[in-house]
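What follows is one structure encoded as structure tokens, with my remarks underneath.
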Amino acid sequence: MNRLDDAFFQRDVLDLAPLLLGKTIVRKFDDSSESRFLITETEAYKGEEDLACHASKGRTPRTEVMYQPGGCLYVYLIYGMYWMLNIVTGEKDNPQAVLIRGLDAVYGPGRLTKKLQIDKSFNGERLQTSERIYLLNNDLKCDYSVAPRVGIDYAGEYWRDVPWRFTLKL
DNA sequence: TGCACGATCTCG
DNA sequence: GAGATCGTGCAT
């Protein structure tokens with residue numbers, strides 16, 4: 001199994017979000033133990049025109065990381081208590097990201113960051129070179145289903161209903 | 001300087 | 001069904 005590199009992540013978010021399903025996420029902890037999970041649910045957030053994407057506010061200190069070349073993490077706090085884990089995708093200056101919503105045995109984006117001990121210090125971390133978090137290509141072929149994204153009712157009729165949530169079929 | 005609100009989850 | 005809890009963006 002090889003570590004997924006920058007080139008893998010630097011494709012369009014709508015291509016990458018389903019491709020991430022079934023990939024292995026590895027988290028190495030300070031005590032040198034490690035956890036491995038399969039990614040089972042993702043959501044795509046695509047560019048400044050996507051009203052559900054934080055980059056729709058434009059380039060700000062918060063969204064800056066989404067403008068970096070694909071392959072780094074975008075981590076932010078929601079509801080004052082949960083960290084959300086996103087993988088930045090696409091080319092430089094093209095703000096896109098995939099929200100990791102679920103892993104095998106860990107359901108919910110807020111729960112998985114707690115389990116993996118992900119916090120703000122991971123914002124901007126590059127998956128190709130990080131010592132503590134990376135993804136492996138396990139060549140798992142899998143089918144998936146699509147649905148509208150969760151928790152973005154404010155984004156307006158069109159963006160609210162776009163089927164950009166991808167779930168691994170068991 | 002203040003305020004409303006959110007890519008969530010838990011408990012009752 | 002409501003509360004926890006705080007960074008962010010936008011209004012003042």
E157(A) atom CD: more than 12 heavy-atom contacts under 6.0 Å: no
Phosphate-side-chain proximity, Y79(A) and dT8(B), N/O vs OP1/OP2 below 4.0 Å: yes
Working for side-chain hydrogen bond (donor to acceptor under 3.5 Å, both in side chains), residues E48(A) and Y67(A): CA-CA 10 Å; E48(A) 294 179 345; Y67(A) 289 79; 2.5 Å; yes
Touch class at under 4.0 angstrom, heavy-atom based, for L99(A) against every strand present: base
Donor-acceptor pair present, Y76(A) side chain and dA7(B) base, under 3.5 Å: yes
Sub-4.5 Å side-chain heavy-atom contact between L135(A) and V26(A): no
Distance in angstrom units between R160(A) CZ and dA7(B) P, rounded: 14 Å
Validation row: F37(A), L116(A) side chains within 4.5 angstrom (heavy atoms): yes
Ring-face cation of R132(A) near F122(A) (centre distance under 6.0 Å, axis angle within 45°): yes
Upstream residue (5' side of DNA chain B) when V150(A) and R111(A) are each assigned their closest nucleotide: V150(A)
Taking only nitrogen or oxygen atoms into account, show me every contact under 3.5 Å that the protein makes with nucleotides 7-12 of chain C, one pair per line with its distance.
residue : atom : partner : partner atom : Å
dG9(C)  : OP1  : T60(A)  : OG1          : 2.6

M81(A), nearest nucleotide to its side chain (from dG6(B), dT5(C), dC9(B)): dT5(C)
Test: R59(A) and D93(A) ion pair at under 4.0 Å: yes
Distance, rounded to the nearest Å, where Y107(A) contributes OH and dA7(B) contributes P: 24 Å
Distance under 6.0 Å and angle within 45° of ring axis: R149(A) vs Y45(A): yes
Per-pair stack call Y45(A) and dA7(B), 5.5 Å, 30°: yes
Value in whole Å for how far the C1' atom of dA7(B) lies from CD of E41(A): 11 Å
Base-pairing mate for dG9(C) - Watson-Crick or G-U, with both contacts under 3.5 Å: dC3(B)
Length of the line joining I78(A):CD1 and dA4(B):P, which is rounded to integer Å: 17 Å
Sugar-phosphate only, base, or nothing, as touched by G110(A) at under 4.0 Å among non-hydrogen atoms: sugar-phosphate
Pair assignment for dC11(B), Watson-Crick or G-U wobble, requiring both distances under 3.5 Å: dG1(C)
